[in-house]
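Only a predicted model underlies this, so the values are computations on that prediction, with no experimental measurement involved. Sequence lines set the chain letters: A, B, ... in the order given, protein chains first and strands last, and positions in each chain run from 1.
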Protein chains: 2
Amino acid sequence: MAKRYEKVSEDVRRRIESGEYSPGDRLPAETALAAEYKVSLPTMRQALAALQTEGLIEKRHGRGNFVRKQRQRAERSNLRHQWEKNRARADLKERSSTGATELDTGLSIKQLAFHAQYERIQAPEELATALGVEPGTAVLKRTYRTRSTNEDEPLNVARSYIPYELAEQNPDLLDESQEPWPGGTMNQLHTVGVEVDRVEEVITARPPTGEEVEELGLMAGVSVMDVRKTLYDISGRIVEVADVVLPGDRYAVKCVTTLERW
Amino acid sequence: MAKRYEKVSEDVRRRIESGEYSPGDRLPAETALAAEYKVSLPTMRQALAALQTEGLIEKRHGRGNFVRKQRQRAERSNLRHQWEKNRARADLKERSSTGATELDTGLSIKQLAFHAQYERIQAPEELATALGVEPGTAVLKRTYRTRSTNEDEPLNVARSYIPYELAEQNPDLLDESQEPWPGGTMNQLHTVGVEVDRVEEVITARPPTGEEVEELGLMAGVSVMDVRKTLYDISGRIVEVADVVLPGDRYAVKCVTTLERW
DNA sequence: GAGTGGTCTAGACCACTGT
DNA sequence: CAGTGGTCTAGACCACTCC
């Protein structure tokens with residue numbers, strides 16, 4: 001009943017969990033393992049691929065198979081929205097001091113490299129629905145890439161969409177060279193008279209696309225979280241929709257809900 | 001530069017996205033595709049495996065490879081907590097009418113099959129930290145499995161942990177035959193004098209373990225979300241910790257944050 | 001039983017890593 | 001250069017699904 005590669009991967013898993021190999025250790029070469037378990041090389045590789053998918057080992061071309069270390073996760077809490085709103089009306093000096101991503105990661109502003117790209121697009125079907133506008137409406141699309149300068153691995157990619165009609169009320173908002181904008185989106189919206197009332201975030205999980213594996217430097221066998229954030233102003237109008245892609249092994253999303261008292 | 005299996009999977013992806021094959025359609029047999037692309041069968045299979053990992057196709061043993069349909073997602077909103085708290089003090093009739101999972105899925109209470117299992121355990125290290133108690137403290141562990149009676153696929157698995165000291169104040173809370181408890185955990189806690197003040201949920205994403213693939217009937221190439229929920233009462237004490245595993249292709253987690261007004 | 005995908009083998013050759 | 005994993009082949013045989 002049990003397939004050979006399953007038996008093999010079970011045994012290797014057992015050996016890792018028993019501590020015979022610790023996080024960071026290199027496993028014996030695939031040829032050596034194949035000989036030890038008396039299976040062909042492709043079968044051995046299938047067994048190891050299963051462990052990689054589970055996130056237990058990490059394959060490094062030309063170097064070996066390594067027991068994976070548990071990474072420390074950055075935590076992205078929804079409390080950041082109140083924090084950001086509070087800062088939206090603060091003075092320039094305070095707004096410049098730190099941003100929301102630094103809050104998540106615990107890194108200082110100098111350890112984060114930041115790249116923004118602006119574009120004027122016409123809203124396709126799905127986006128128009130999300131923004132509550134007619135398809136084809138002009139929208140300011142902003143693409144952000146955040147990297148840590150220590151590790152060269154990127155942290156996340158975000159795409160933000162704002163009705164063009166809203167953004168053009170302040171020409172500075174159309175200029176990508178102003179990034180990183182001190183005080184973030186909440187301050188930007190404040191400059192065009194918008195007060196944000198409610199933030200809705202919808203989180204889903206899926207395997208990364210091949211493109212994202214490249215872009216985010218992901219290991220095979222890692223999931224990503226899609227976070228779609230929708231900002232409503234105090235009149236109930238949607239003022240921003242943003243899609244953030246977070247590596248599943250490096251991020252946790254925290255959602256704090258305070259309940260009404262009895 | 002480009003590997004053959006990548007070229008092949010790219011082309012098949014293009015053909016699917018162009019609409020040559022629609023969701024639900026069967027692709028040609030692997031042997032036929034291998035011949036068409038002039039690659040060996042294993043290479044063809046590697047190309048298809050990549051598309052499976054991306055969630056684009058679904059392999060069905062003995063039947064063929066099918067273009068995957070986008071499933072409808074159940075949405076698990078944090079508004080459910082306020083909703084549940086409001087019902088915790090309602091009368092039995094109202095509490096019995098429907099529960100939080102029905103709220104998420106839009107299914108009626110009769111379409112959901114429910115299985116609960118209770119256990120008294122001693123808190124291991126990690127759990128003790130999460131509950132804010134000493135390791136070894138007695139804890140009531142409750143395992144819930146929810147299935148839809150239409151589709152035979154299970155919806156989710158949840159494990160809940162409550163300090164035993166708290167649960168034993170009401171003997172009914174120790175009896176698994178009382179499940180499904182009308183009014184849910186918030187009502188259960190209410191019977192021992194606890195008012196919940198704050199809910200914290202931490203969401204992470206990862207590939208499923210082999211066990212979960214079995215248990216939740218997942219396809220290979222699907223991610224799962226781990227939701228760790230922590231309930232605080234009005235004195236700041238932790239009264240429940242729960243771990244929920246949600247299939248990434250069938251669930252979305254929604255987090256609504258209402259901000260203070262200027 | 002015919003057709004499909006799943007497992008497994010034995011071995012060739014390529015690409016990356018470190019010395 | 002030696003050692004390691006990555007790609008690819010050609011083909012045998014097994015397991016599942018449907019008619």
Visitor: The side chain of Y5(A) lies closest to which of these nucleotides: dC8(C), dT4(D), dG5(C)?
Guide: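 The closest nucleotide is dC8(C).
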Visitor: R63(A) side chain: which of dG6(C), dC8(C), dG18(C) is closest?
Guide: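 From the listed options, dG18(C) comes nearest.
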Visitor: Taking the side chain from D25(A) and the backbone from S22(A), do they hold a donor-acceptor pair closer than 3.5 Å?
Guide: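 Answer holds: yes.
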Visitor: Of the options dT4(D), dG11(D), dG6(D), whose atoms approach the side-chain atoms of E30(A) most closely?
Guide: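 The nucleotide sitting nearest to the side chain is dG6(D).
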Visitor: I want to confirm an ordering. Mapping G62(B) and P42(B) to their closest nucleotides on DNA chain C, which one lands closer to the 5' end?
Guide: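 Looking at the nearest nucleotide for each, G62(B) comes out on the 5' side.
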Visitor: What heavy-atom pair brings R13(B) and E54(B) nearest, and what distance separates the two atoms?
Guide: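 For R13(B) versus E54(B), the nearest heavy atoms are NH2-OE2, 2.7 Å.
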Visitor: Side chain of R45(B): nearest nucleotide among dT4(D), dT7(C), dT7(D)?
Guide: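 Looking only at side-chain atoms, R45(B) lies closest to dT7(C).
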Visitor: Taking atom P of dT7(C) as reference, at what distance in whole Å does atom CD of E6(A) sit?
Guide: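 Checked: the CD to P distance equals 8 Å.
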Visitor: Taking atom P of dG5(D) as reference, at what distance in whole Å does atom CG of L51(A) sit?
Guide: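 Atom CG in L51(A) sits about 14 Å away from atom P in dG5(D).
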Visitor: Rounded to the Å, how far apart are E58(A) CD and dG5(D) P?
Guide: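 From E58(A) CD to dG5(D) P: 13 Å.
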Visitor: Check the distance between dG6(C)'s P and L48(B)'s CG and give it to me in whole angstrom.
Guide: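 Value for this atom pair: 9 Å.
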Visitor: If you only use heavy atoms from C-beta on, which nucleotide in dC8(C), dC8(D), dG5(C) is closest to the side chain of T43(B)?
Guide: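 It is dC8(D).
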Visitor: If you only use heavy atoms from C-beta on, which nucleotide in dC8(C), dG11(C), dG6(C) is closest to the side chain of Q46(A)?
Guide: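 The answer is dC8(C), which lies nearest to the side chain.
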Visitor: How many whole angstroms separate atom CZ of R26(B) from atom P of dT17(D)?
Guide: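 The distance from CZ of R26(B) to P of dT17(D) comes to 15 Å, rounded to the nearest Å.
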Visitor: If you look at every heavy atom in L48(A) and I57(A), which pair is closest and at what distance?
Guide: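 Shortest heavy-atom contact: O-CD1, 3.5 Å.
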Visitor: Using whole Å, report how far NZ of K38(A) lies from P of dC8(C).
Guide: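 Whole-Å distance recorded here is 17 Å.
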Visitor: Provide, to the nearest angstrom, the distance between the CZ atom belonging to F66(B) and the P atom belonging to dT4(C).
Guide: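 Value for this atom pair: 11 Å.
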Visitor: Taking only the side-chain heavy atoms of H61(B) (C-beta and beyond), determine which of dG6(D), dC8(C), dA15(D) contains the nearest atom.
Guide: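 The nucleotide sitting nearest to the side chain is dA15(D).
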Visitor: Can you tell me if the side-chain N/O atoms of R60(B) get under 4.0 Å from OP1 or OP2 in dG6(C)?
Guide: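 No, because none of the side-chain N or O atoms of R60(B) sits under 4.0 Å from OP1 or OP2 of dG6(C).
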Visitor: Respond yes when some side-chain nitrogen or oxygen of N65(A) is under 4.0 Å from OP1 or OP2 of dG5(D), and no when none is.
Guide: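 Answer yes for this pair, as a side-chain N or O of N65(A) is under 4.0 Å from OP1 or OP2.
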Visitor: When E201(B) is tested against each of R228(B), R76(B), R80(B) for salt bridge (Lys or Arg N to Asp or Glu O under 4.0 Å), which residue passes?
Guide: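 With E201(B) as partner, salt bridge (Lys or Arg N to Asp or Glu O under 4.0 Å) holds for just one option, R76(B).
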Visitor: Taking for each residue the nucleotide of DNA chain C bearing the nearest heavy atom, is the 5' side occupied by S40(A) or by T31(B)?
Guide: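 Per heavy-atom nearest nucleotide, the more 5' residue is T31(B).
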Visitor: Do side-chain atoms of R73(A) reach the backbone of V253(A) as a donor and acceptor pair under 3.5 angstrom?
Guide: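 No; judged by distance alone, with no hydrogens or angles, the pair does not exist.
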Visitor: Nearest-Å distance, NZ (K59(B)) to C1' (dT4(C))?
Guide: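 Rounded to the whole Å, the gap is 11 Å.
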Visitor: Can you figure out which of dC8(C), dT4(D), dG6(C) approaches the side chain of R4(A) most closely?
Guide: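 My answer, after comparing the listed nucleotides, is dC8(C).
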